[in-house]
Amino acid sequence: MKIISVVGARPNFMKIAPFVNAIHAHNETNLATKIDHTLVHTGQHYDDRMSKSFFKALGIPEADINLGVGSGTHAEQVGHTMIAFEKVLKDKKPDWVVVVGDVNATCACSITTKKENIQLAHIEAGLRSGDMTMPEEINRLFTDRLSDLLLTPDEISSQNLFKEGVSFDRIQFVGNIMIDTLESNMLKAKNLDICEILNRNRLSMNGQTTEVGRLQSGQYALMTLHRPSNVDHRSIIEPIVSFIRNELVEAIPLIWIIHPRTEKQLKVFGLWDSLLKTKNLHILKPLGYHELLRLNIDASMMLTDSGGLQEECCVLGTPCLTLRWNTERPITLEEYGGASVLVGNDVGRIQHAFFDVINKKRNPHRPDLWDGHTSNRIIECLLNSGL
Ligand code: UD1
């Protein structure tokens with residue numbers, strides 16, 4: 001069987017790593033059903049810290065093909081990817097293309113695959129936020145509508161697909177592949193030292209003002225923010241920054257890991273310099289997988305608009321304020337046993353939830369099949385697909 005798998009942006013890398021490993025493990029012991037695998041990187045993310053460092057840390061072999069698409073508008077990214085990926089498909093003629101997640105690379109390669117009449121499998125199918133202003137929601141809808149094999153992380157996602165009219169035989173509930181990565185990297189992460197992570201990655205120089213001991217013993221909040229809906233408008237980001245400077249860091253030290261988009265926007269709005277000078281606020285460059293996991297393991301609380309972090313907080317039990325009005329991952333919410341509450345981007349709501357959650361205990365929760373063995377189930381599904 002000939003498979004091409006596709007990655008493009010940072011959240012894809014943690015999802016492809018266990019899949020690639022599972023193919024290698026399969027090929028070592030099953031010569032008769034050996035999988036001929038090609039890894040394609042569209043190049044949507046290209047900075048070392050957004051891409052190469054994850055390949056290295058997670059042991060992903062260098063991509064066989066890099067389409068070099070880079071940044072641009074959505075149409076530019078999708079269009080350039082489709083043009084370049086079509087050539088790859090015509091040349092390689094795979095039996096299956098496997099896409100992961102919901103980034104522009106996922107959507108672009110899905111459309112191209114079906115136009116070439118090739119079978120398409122989607123890892124992380126069926127997630128729905130219902131929010132059509134999210135580019136990722138559009139990518140999810142396209143990808144799932146076109147996929148022949150829809151590999152879902154939880155039963156809610158399977159139900160979403162069924163309600164949309166996808167036939168049962170195309171839906172396979174396999175569990176969450178991100179948790180395969182979490183499980184196999186936990187030990188390595190635990191061995192890292194929090195202060196070293198801070199010192200290596202710090203953009204602000206205010207570490208001196210925080211007792212290092214407090215950070216070491218896990219008394220800190222952790223934050224990531226990158227969605228255009230949160231960082232692209234001054235009217236949204238400015239009040240959040242004021243809350244952080246005036247209230248949050250007075251209550252607990254904050255480690256804020258900055259996405260390139262967010263740094264750029266904070267500079268545009270003239271908020272960057274004051275943040276760098278804020279006491280008890282540690283602004284860090286984008287972190288490697290193990291470094292972020294290490295900080296999450298001991299954080300008192302997470303504030304994030306990332307999808308993957310909601311899932312990791314669920315399994316680790318880190319109380320999580322999700323700075324969004326909706327989530328495609330409801331299974332991570334408190335009402336389903338998870339650690340996350342939706343707080344949107346209204347400061348009053350964030351403030352209220354923050355003081356509510358600040359003394360909450362960890363509550364680890366593991367949804368069904370978030371067991372570290374999802375990639376093996378996916379390989380089985382592909383091998384049993386009749387090709
Ligand atoms: C993309 C995904 C989003 C995911 C996020 C994780 C889509 C629609 N969005 O958003 O779902 O949560 O990745 O990061 O696919 N940039 C760099 N270096 C890089 C890459 C980007 O500096 O290596 C900067 C560029 O200024 C670029 C901006 O970040 O314009 C945004 O990058 P882009 O790939 O368009 O989207 P993300 O916001 O990263």
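Just so you know, ligand 1 is whichever comes first in the structure, and atom 1 is the first atom listed for that ligand.
Taking all heavy atoms of R10, H45, E76 into account, the minimum distance to atom 13 (O) of ligand 1 is reached by H45. Nearest to atom 31 (C) of ligand 1 by heavy atom, out of R261, M50, H226, is R261. Closest heavy-atom approach to atom 25 (C) of ligand 1 within the set G43, S306, S51, S71: this belongs to S71.
Close approach of ligand 1 to E136 (heavy-atom distance below 4.0 Å) involves ligand atoms 2 (C), 3 (C), 9 (N), 11 (O). Within ligand 1, counting atoms from 1 as listed, the ones closer than 4.0 Å to a heavy atom of Q44 are 1 (C), 7 (C), 15 (O), 34 (O). Contact atoms of ligand 1 toward H74: 8 (C) (distance under 4.0 Å to a heavy atom of the residue).
Below 3.5 Å of separation, one finds an N or O of N104 facing an N or O of ligand 1.
Taking hydrophobic clusters as Ile, Leu, Val, Met, Phe, Trp and Tyr residues chained together by side-chain heavy-atom distances below 4.5 Å, M50 does not share a cluster with W256.
The nearest heavy-atom contact from the protein to atom 35 (O) of ligand 1 is Q77 NE2, 3.4 Å. For atom 16 (N) of ligand 1, the closest non-hydrogen atom on the protein side is Y46 OH, 3.7 Å. Distance from atom 2 (C) of ligand 1 to its nearest protein heavy atom, with residue and atom name: V103 CG1, 3.8 Å. At the top of the distance list for atom 18 (N) of ligand 1, counting protein heavy atoms only, stands D47 OD2, 2.9 Å. Here the protein heavy atom with the shortest distance to atom 26 (O) of ligand 1 is K264 NZ, 3.1 Å. In this structure, atom 24 (C) of ligand 1 lies nearest to the protein heavy atom P260 CB, 3.9 Å.
At least one side-chain heavy atom of L141 sits under 4.5 Å from a side-chain heavy atom of M132.
Between the side chain of N246 and the backbone N or O of S242 there is at least one donor-acceptor pair closer than 3.5 Å. In this structure a side-chain-to-backbone donor-acceptor pair under 3.5 Å is missing from D48 to S53.
For the pairing with E116, the salt bridge (Lys or Arg N to Asp or Glu O under 4.0 Å) check across K92, K93, K90 returns one residue only, K90.
Rounding to the nearest 0.5 Å places CD1 of I111 at 13.0 Å from CZ of R145.
Look at E86 and K115 and you find no salt bridge, because none of the NZ, NE, NH1 or NH2 atoms lies under 4.0 Å from a carboxylate O.
Here side-chain hydrogen bond (donor to acceptor under 3.5 Å, both in side chains) pairs that include residues 12-22, with residues two or more places apart or in two chains, are K15-E124.
Across every non-hydrogen atom of V6 and A105, the tightest pair is CG1-O, 4.4 Å.
Ligand 1 lies nowhere less than 4.0 angstrom from a heavy atom belonging to R49.
The side chain of P11, and not its backbone, has at least one atom closer than 4.0 Å to an atom of ligand 1 (non-hydrogen atoms only; side chain from C-beta on).
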Practice item. Could you please spell out the steps behind the side-chain hydrogen bond (donor to acceptor under 3.5 Å, both in side chains) verdict for D144 and S147? Key: CA-CA 5 Å; D144 285 344; S147 290; 4.8 Å; no
